[in-house]
Amino acid sequence: MPELPEVETIRRQLEPRIRGARIERLEVLDPRWTRPAEPREVESQVSGRTIEALRRRGKYLLLDLEGGTTLIMHLRMTGNLILLEEGAQVVAVDEDEPGADDRYLRARFDLGDGRELRFSDPRRFGEAFLLPSAGVDARFEGRVGIEPLSGELTVEAIEALAAGRRAPLKSFLLDQAGIAGVGNIYADEALWRAELHPLSPAGSMRSEHAEALWEGVIGALRAGLEGGGASIGDYLDSRGERGSMQDEFLVHRREGEPCPRCGQEIRRIVVSGRSTYFCPGCQVRLRRRPRRKGRGRPVS
DNA sequence: AGGTCGGCCTGGCAGC
DNA sequence: TGCTGCCAGGCCGACC
């Protein structure tokens with residue numbers, strides 16, 4: 001499941017290799033990929049243009065093209081973006097790996113120099129759409145929030161986002177409009193690192209909790225990046241290789257195993273429809289913060 | 001208004 | 001063995 005570390009890994013690998021390349025032709029093989037736009041429409045706007053940059057915003061990849069157009073792509077659950085070098089097969093990948101499998105090919109960018117950039121996606125949730133580059137910020141406004149690794153995410157920013165919110169911390173972290181790029185895996189990891197219970201209301205955090213969460217989010221994402229992303233299911237980097245982060249998870253998908261910190265058994269619950277792994281021993285459940293009126297009630 | 005939930009998809013796997 | 005049915009979850013829109 002590509003989240004920020006996986007998408008950023010792909011971006012970092014691809015950017016230096018495709019910047020300046022000319023897309024001879026884009027071929028869209030699955031009309032779902034561009035829906036509701038017609039594939040032809042997108043093909044004609046992309047074909048013949050030079051790639052100026054590959055950026056990332058949250059879990060979106062932004063392919064900036066000459067002439068002020070940006071092709072925005074999202075891998076969703078199972079998408080892969082793989083660069084095939086001249087005349088090459090996907091190296092180091094089994095034939096049945098999704099990235100190497102033509103069955104799942106949704107779009108191909110012919111770079112004209114023998115190389116090909118491929119978007120494949122078994123589950124077809126992935127998408128792409130075009131925007132004038134100047135309109136990208138407006139499109140993301142209110143939907144894609146603070147970039148966690150940009151320096152804009154501070155303890156104060158977390159406190160401001162969480163203030164008054166009764167939603168569980170897990171839902172709070174999954175909300176892309178708040179902090180961008182955190183998905184199910186890294187939300188669990190961040191909460192474990194912060195020693196916070198996923199069901200604690202976001203607004204119940206005090207400063208020390210917000211600080212712990214800040215460290216947890218950044219620590220979990222950095223660890224993911226260092227591992228080259230996590231390969232659960234279909235994730236492959238731009239070379240068609242699997243990341244190693246899945247072996248580094250501290251709680252995610254470790255139900256029944258001992259907590260690496262306190263030894264208690266890791267449990268799985270469902271929070272807003274998503275599998276959530278946590279340690280009941282050391283992840284503290286915060287109570288709803290009493291509203292300050294006069295002296296307030298003593299907390300037991 | 002803010003939170004929750006179903007739909008979109010398909011592969012993989014548990015269970016019969 | 002082969003089938004059924006459930007699970008995975010990012011994001012959006014419908015709903016409460």
Side-chain angles (χ1 to χ4, degrees), chain A residues 1-8 10 29-37 56-62 72-81 93-107 119-129 131 139-145 148 160-191 198-204 221 224 229-236 242 245-246 249 251-256 268-277 288:
Chain A
M1 328 290 149
E3 303 181 23
L4 186 152
E6 290 74 32
V7 179
E8 179 63 16
I10 289 170
L29 295 105
D30 181 0
R32 254 202 79 89
W33 194 61
T34 57
R35 212 162 69 174
R56 180 191 56 77
R57 187 76 175 84
K59 299 171 196 167
Y60 290 88
L61 282 166
L62 281 56
I72 299 172
M73 293 175 278
H74 199 300
L75 302 171
R76 295 288 179 118
M77 309 283 300
T78 53
N80 293 298
L81 198 56
V93 173
D94 298 339
E95 275 186 8
D96 58 5
E97 290 283 3
D101 197 330
D102 285 353
R103 274 184 303 166
Y104 306 129
L105 192 58
R106 304 297 169 204
F119 191 110
S120 27
D121 185 8
R123 285 190 36 203
R124 304 174 71 201
F125 280 169
E127 60 169 344
F129 55 94
L131 277 184
R139 165 65 173 71
F140 286 147
E141 175 84 42
R143 304 198 213 197
V144 185
L161 285 171
R165 289 189 58 178
R166 284 189 270 179
L169 278 174
K170 175 69 182 263
S171 315
F172 173 72
L173 288 180
L174 291 177
D175 180 4
Q176 299 300 299
I179 301 169
V182 178
N184 204 40
I185 294 168
Y186 293 97
D188 283 358
E189 296 294 298
L191 288 171
L199 288 174
S200 297
S204 68
L221 294 175
S231 284
I232 284 186
D234 305 282
Y235 168 75
L236 299 170
R242 299 169 66 81
M245 183 57 202
Q246 66 280 7
F249 291 156
V251 280
H252 192 76
R253 301 207 177 192
R254 295 202 181 277
E255 184 180 17
R268 173 187 176 273
I269 55 173
V270 174
V271 183
S272 64
R274 265 132 189 162
S275 280
T276 298
Y277 300 84
R288 211 165 131 208

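Every chain is numbered from 1 and lettered A, B, ... according to where its sequence line falls, protein lines coming before strand lines. Only this structure's heavy atoms are used, side chains among them; waters, hydrogens and symmetry mates stay out.
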If the condition is side-chain contact (heavy atoms from CB on, under 4.5 Å), which residues does [X] pass it with, not counting sequence neighbours?
X	value
A:R165	A:A167, A:F172, A:D175, A:A202
A:S200	A:L169, A:H197, A:S204, A:R285, A:L286
A:L131	A:I72, A:F129, A:V136, A:R139
A:R56	A:L4, A:V7, A:E8, A:R11, A:E147

Quiz item: Out of B:dG11, C:dA8, C:dG10, which nucleotide sits closest to the side chain of A:R103?
Solution: B:dG11
For [N] and [X] - does any side-chain N or O of the residue sit under 4.0 Å from the phosphate oxygens OP1/OP2?
X	N	answer
A:Y104	B:dG11	yes
A:H74	C:dC11	yes
A:Q176	C:dG10	no

Quiz item: Do A:L62 and A:F140 come close enough that some side-chain heavy atom pair is under 4.5 Å?
Solution: yes
Exercise. Give the dot-bracket string for DNA chain C, reading 5' to 3', where a pair is Watson-Crick or G-U wobble with both distances under 3.5 Å, ( ) marks pairs inside the strand, [ ] marks pairs crossing earlier ones, | marks a partner on another strand, and . marks unpaired.
Key: .|||||||.|||||||
Practice problem: Assess the side chains of A:Q176 and A:Y60: does a donor N or O sit below 3.5 Å from an acceptor N or O? | Solution: no
Atom of [X], atom of [Y] and distance for their closest heavy-atom approach:
X	Y	result
A:L81	A:L75	N-CD2, 4.3 Å
A:Y186	A:E3	CD1-OE1, 2.8 Å
A:D121	A:G79	OD1-N, 3.5 Å

Between protein and nucleic acid, restricted to nucleotides 1-4 of chain B and to nitrogen or oxygen atoms under 3.5 Å apart, what atom pairs and distances do you find?
from  : atom 1 : to     : atom 2 : distance (Å)
B:dG3 : OP1    : A:R165 : NE     : 3.1
B:dG3 : OP2    : A:R165 : NH2    : 3.4

Quiz item: When rounded to the nearest Å, what value does the distance between C1' atoms of B:dG6 and C:dC6 take?
Solution: 16 Å
Quiz item: How long is the line joining CZ of A:R253 and C1' of B:dC13, in whole Å?
Solution: 13 Å
Quiz prompt | Between C:dC11 (C1') and A:L61 (CG): distance, integer Å | solution = 16 Å
Self-check item: Those residues that, when tested against A:D30, pass salt bridge (charged side-chain N to carboxylate O under 4.0 Å, His left out) (two or more places apart)
Solution: A:R106, A:R124
Quiz prompt | Residues which pass salt bridge (charged side-chain N to carboxylate O under 4.0 Å, His left out) with A:K59, listed by chain and number, not counting sequence neighbours | solution = none
Exercise. Indicate, with a heavy-atom threshold strictly under 4.0 Å, whether A:R268 touches base, sugar-phosphate, or nothing.
Key: sugar-phosphate
Quiz item: Within the structure shown, what part of the strands sits under 4.0 Å from A:F172 by heavy-atom distance: base, sugar-phosphate, or nothing?
Solution: nothing
Each nucleotide N or O in nucleotides 6-8 of chain B that has a protein N or O under 3.5 Å away: list the pair and distance.
from  : atom 1 : to    : atom 2 : distance (Å)
B:dC8 : O3'    : A:R32 : NH1    : 2.8

